[in-house]
S.K.: 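Before I ask anything, here is the structure I am working with.
Naming: A, B, ... by sequence-line order, numbering from 1 per chain. What you see below is based on every heavy atom in this structure, not just the backbone, and it leaves out hydrogens, waters and symmetry mates. Values in this document were obtained by computation on a predicted structure and should not be read as measured data.
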Amino acid sequence: MTTERYNAREAEPRWQKIWDERGIFRTRNDDPRPKYYVLEMFPYPSGRIHIGHGRNYVMGDVVARFKRMKGFNVLHPMGWDAFGLPAENAAIERKTHPGKWTYENIATMRDQLKLLGLSLDWSREIATCDPEYYGEQQRIFLEFLKGGFVYRRESEVNWDPVDNTVLANEQVIDGRGWRSGALVERRKLAQWFFRITALAQELLDGLDTLDRWPDKVRLMQRNWIGRSEGLHVRFALENAPADLPREIKVYTTRPDTLFGASFLALSPGHPLTETLAAGNPALAAFVEECRRGGTSTAEIETQEKMGFDTGLKVRHPLGGPDLPVYVANFVLMEYGTGAIFGCPAHDQRDFDFASKYGLPITPVVLPPDADPATFSVADGPYEGDGTLYNSRFLDGLAVPEAKEAVAARLENDVLGNAPVGERTVNFRLRDWGISRQRYWGCPIPIIHCDACGPVPVPEDQLPVRLPDDVTFDQPGNPLDRHPTWKHVDCPQCGAPARRETDTMDTFVDSSWYFARFASEPGTAPLQKAAADKWLPVDQYIGGIEHAILHLLYSRFFIRTLKKLGRVSVEEPFAGLFTQGMIVHETYKDAEGRWLFPEEVERDAEGQPVKVGTGEPVTIGAPEKMSKSKKNVVPPEIVADTYGVDCARWFMLADTPPERDSEWTSAGIEGAWRFVQRIWRLVGDALALAPEDVARPADFGSESIALRRAAHKLAAQVEDDVERLRFNVAVARVHSFANVFGDALVAARKGGDVPADLAFALREAAAFLVAVVAPMVPHLAEECWQVLGAAGLAAEARWPAVEPALLAEDTVTLPIQINGKRRGEIVVPKDAAPGEVEKAVLALDVVTQALDGRAPKRIIVVPQRIVNVVA
RNA sequence: GCGGGUGUGGCGGAACUGGUAGACGCGACGGACUCAAAAUCCGUUUCUGGUGACAGAGUGUCGGUUCGAGUCCGACCACCCGCACCA
C-alpha cells in the first residue's frame, strides 16, 4: 500500500486559512445552543512565546473543539494582560515607549499563537492597556468606591532612596533595590485599598461550592483567608500616666490558657508603642531596630525574639497576678489587635521570649495521661489538647470547655462601660492594596483637592487616559513629573487640584477580563446580559502559581460586581484546572555558558557536543523552559520540522496534564510517527473500501469486532476529555490504531472486501478521525477531506455511539486460587454465580489444586473475578 | 515548624467505587522488506531461576484489615509544593 506522506507544513497553514475565512470559531451571543465557556489564563505579552507556553492553550483548545463537536455554543477567547512593570523596564533599557513595546510583542505573540491552530475567537481579543478596557475599569473602581468597597489609608512601601522610587516586592533583593543596590527603606504613603476582608467569610464559604476546582487550590485559599475564632480581651493598665489609654486589647484563640499568662506584648507598630516611644528614646531606638529587621523570609525565620520592657503593668482579668507589658519584635501589627498576652508554657514563641527574659513559665494544660506531679514544660511548650490545671475555676475542664468558660465569664465582666471579653472571628486575609507608583497601568480616576479631598473623576470625563508623551530618563513615576497631566481643576469646587498619579495593580486588570470577553466586539465592555449569558467560565485553565492571588481577587471582584448589580453570578470560574509546566534539559559548554538545544548534537560515541566546534557539553536536569537558561524550543521550529499537530499530540500524550512534562526529541518524533500512522490507516482503509457503503443489516464477526472497538473508543475518549485526562485519551487512540491496523491487514489478506466489512472499515476511519480532531485538528481536516465527509472536521459532530456495541455478551473471568491467578474462564455476561461456580470447579487447575478436597470457600464476584479458597 | 501532595519496569506512565499490576508510548534487542539506508511492518522486553512449559518474588519501607491490597488503616523513609512568628 503506498500512500503519500502527510505534509503538515503544507496542510496546516492551508486549513488555518480556511477556518479563518469561514469564521467558524467566531462566537455569537444569540446562538441558541447551550453555552460553554473555555478560557486559558491570558498571557503577559513579554516578547516571544516558546513551546512551553503552549501547553495550556492546547489543552483548552482540545476542550473547546470537543465541546463544539458535542453541540455546544463555545466561547474560547484570547487577550493580553498588557499592563505591567516589564514594559517600563524595556522602555528604560531600549529608549522606547511601553505602549509601543507592548503592542509589538502582542503582534509577535498573536502570530505565534495562531501558528498553534487554536480555535480562538480572535474578534473578541482585548488588551488591558486599551483605554476602552481600562476606562471601564475606572468606572468599576468608582462604583466600588461608592459602594464602600474602596478606601484610602496610609501604608508602607519599599522606597529606594537612590532611584527615588517605589519598589515592588520582587524588586527588593536581599533588602536592596535591584537596580541601585541601595538599602531599601520603609515609607508610608496614602494608598487605595479594596476591602476584600469584608468578603472574607463569603469567599471562604464560596469555596465549598467550587466542586470542580482542585482540592489543593481550595485548601490554599482557605489557609490564605485564615479564619480563626477567638476572643478580644481588654486588659486594664495599672500604673499608666494620665495621657495614656486605660487599657490594652489583645486577640487570643487560647483564652483557656489565661492563667498561664506571664506578660503582654505590643507590636512595634502599635499606637501605644508609638506614644510611649515619643517620650522614651531607648524605646524609640528599639522600635527602629525592629523596623530595620529584614523583610526576607530567611531573615524572619532566623530572627531572634527581642523585647523591651515598658515598665507598664496590666491587671489580670481573672484575678491572677499583674503582668508586665513589653514591646516585642515578633508581634505583628497587621494581625488581630497588634497586641498579645504571652503564655510561655503553651506557645513556642512565648516560650522563647519568656526564656530569654526570665519570665515565669506556668503550665496550665495537662496532656492526656500525664501526671500533674511530674509534667514539665522545661524542654519546650505543650501546644496540644488536654485538661486544665493551675487555673482555679477552670481546673478539670477540657481545653474547648475552658475556652467557652472564659469567654462566657469575660463577656459578663465589665471594664469601664464595656465587657472585658468579646467573641471574635479573625482572618489572616488583608485588604488588597492596589496603588502602584507606576506609569504603565490603569490610572486611578481620582482628583485630589486641598479643600474637597479626594474627588472621583466625573463619569463624562472617563476614561482618564495615560499621557503618551512621557520619558523614562529619570527615576520615579513619569505621571508625577509630567508637566501638565496631573494639573486639573477640582470637579466639585473648581479650585486647582491634582490628579492621582498612582495606577492600579495589574491584578485588577485580570480580575474581570473574562467578563469582558462575554460581550460582543464593539459593544460596551461589561454588559450584564452578556456576562450573565456566559459566566461562570465553565473550564478555566492556567498555572498553579495563580492559585491564590489572581483567583481570589477575581472571586472578590465578581462577588462585588454582583452586589453592585453589574452581574448575576457569584463565582467567576465553575471549573478550574491547573496544568503542569513543560520542562527541558539544560546545556552548558565547557566555559559554563548556556546553550540552546539546537546548538547541541551527539558525536560518534553518543556524547553531547557543541554543533560545529565539537567541544563537550554538560547536560543539566530538566527545568522549566526559560529564556535565561536557553532551554527553550520556539514553536516555529517545531511547526517547520514536524508540524504543530505533532507538538499538540506530544503535549497531550504520556504525562498527566497536571504534572510537569519533559520536552524531548524522542517524544516529538514519536508523535510525528503516530500522526503519519493515522494518515496511513485512513488511506489504507479507503484503498480497501473506496466507495461509500450503505449500512448493511448484518455484520460478520470481524466487522462487529472492529465496530465494537471504534464505538468503545469514541465513548472512552469522550469520558477522558470530559475529565481532562488527555494522556489516557491518547493511549486509547494508540490502542485503537493497533486494532484497526490488524483489521486492515486481515481484510487485505481476505481478498474481496464484503459490504459489511467495507462499512466497518470506513466507519472506523471516520471515528478515528473525529476522535482525534480536537487534538490534531489540521490532520483531521486532511483526513476528513479524503474520506469525502461533508463540511469541515472542525464543524463535525462527535461520533454517535451505538450502545448495543458497547455491551459485551460474554466476559472473561480470572480464576484465583488462594488469591493467586491460576487461569481464566469465559462465561455469559449474565451467568448466575451458581453456574459460574460449577464451571470453575470443573476446571483442571482447580481440581488439581483441590486434589479431591472440597474448597473452603468460593467467592464469585459477577463480571469481575472468582477466588477459590482451598 | 504547620498544611498538602507524590512514590508502580531502563524512562513517561495505565489500573473505574478493594478484584488478572505494568495498558499505551519511549528506549533497547531480534527479525522482515531493501543492493544499501531511511521509512514501515512483525516479535521480545518487571525481576530471579529454568532451553522450555513453568515456578517464585514484585507497586518507597515495616506492620495490619480482607477470600483478595498499587488501591483501605497505622508507623516510618524520600522527594515535591504551599504557608510561615497569624497569637
S.K.: With sequence neighbours excluded, tell me which residues meet side-chain contact (heavy atoms from CB on, under 4.5 Å) with A/Ala831.
M.R.: A/Val827, A/Pro828, A/Val836
S.K.: Tabulate atom names and distances for all N/O pairs under 3.5 angstrom spanning the protein and nucleotides 9-12 of chain B.
M.R.:
{"unit_1": "B/G12", "atom_1": "O2'", "unit_2": "A/Thr655", "atom_2": "OG1", "d": "2.8"}
{"unit_1": "B/G12", "atom_1": "N2", "unit_2": "A/Asp654", "atom_2": "OD1", "d": "2.9"}

S.K.: Once ring-ring contact (aromatic ring centres under 6.0 Å, His included) is applied, do any residues pair with A/His550, and if so which ones, sequence neighbours excluded?
M.R.: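 A/His550 satisfies ring-ring contact (aromatic ring centres under 6.0 Å, His included) with A/Tyr540, A/His546 once adjacent residues are dropped.
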S.K.: Which residues satisfy the ring-ring contact (aromatic ring centres under 6.0 Å, His included) test with A/Phe263, sequence neighbours excluded?
M.R.: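 Here the qualifying residues are A/Phe353.
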S.K.: In residues 653-672 of chain A, what donor-acceptor pairs under 3.5 Å come from side-chain atoms, sequence neighbours left out?
M.R.:
{"unit_1": "A/Asp660", "atom_1": "OD1", "unit_2": "A/Met581", "atom_2": "N", "d": "2.8"}
{"unit_1": "A/Thr664", "atom_1": "OG1", "unit_2": "A/Gly667", "atom_2": "N", "d": "3.0"}

S.K.: Write out a two-atom table: protein N or O, nucleotide N or O from nucleotides 52-59 of chain B, distance below 3.5 Å.
M.R.:
{"unit_1": "B/G56", "atom_1": "OP2", "unit_2": "A/Arg822", "atom_2": "NH2", "d": "3.4"}

S.K.: Using the test salt bridge (Lys or Arg N to Asp or Glu O under 4.0 Å), find all partners of A/Arg428 that sit at least two apart in sequence or belong to another chain.
M.R.: none
S.K.: Run the ring-ring contact (aromatic ring centres under 6.0 Å, His included) test against A/Phe235 and tell me which residues pass, sequence neighbours left out.
M.R.: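 By the ring-ring contact (aromatic ring centres under 6.0 Å, His included) rule, A/Phe235 matches no residue at all.
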S.K.: Using salt bridge (Lys or Arg N to Asp or Glu O under 4.0 Å) as the criterion, list what pairs up with A/Asp719, not counting sequence neighbours.
M.R.: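 Salt bridge (Lys or Arg N to Asp or Glu O under 4.0 Å) check on A/Asp719 returns A/Arg723.
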S.K.: Please list, pair by pair, any protein nitrogen or oxygen found under 3.5 Å from a nitrogen or oxygen in nucleotides 38-43 of chain B.
M.R.:
{"unit_1": "B/U40", "atom_1": "O3'", "unit_2": "A/Arg680", "atom_2": "NH2", "d": "3.2"}
{"unit_1": "B/C41", "atom_1": "OP1", "unit_2": "A/Arg680", "atom_2": "NH2", "d": "3.3"}

S.K.: Let me check I have this right: for RNA chain B, each base becomes ., (, ), [, ] or |, based on Watson-Crick or G-U pairs with both distances under 3.5 Å. What is the full string?
M.R.: (((((((..(((......[....)))((((((.......))))))((((....))))..(((((..]....))))))))))))....
S.K.: What residues form a ring-ring contact (aromatic ring centres under 6.0 Å, His included) with A/Trp432, not counting sequence neighbours?
M.R.: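 Partners of A/Trp432 under the ring-ring contact (aromatic ring centres under 6.0 Å, His included) test: A/Phe194, A/Tyr553.
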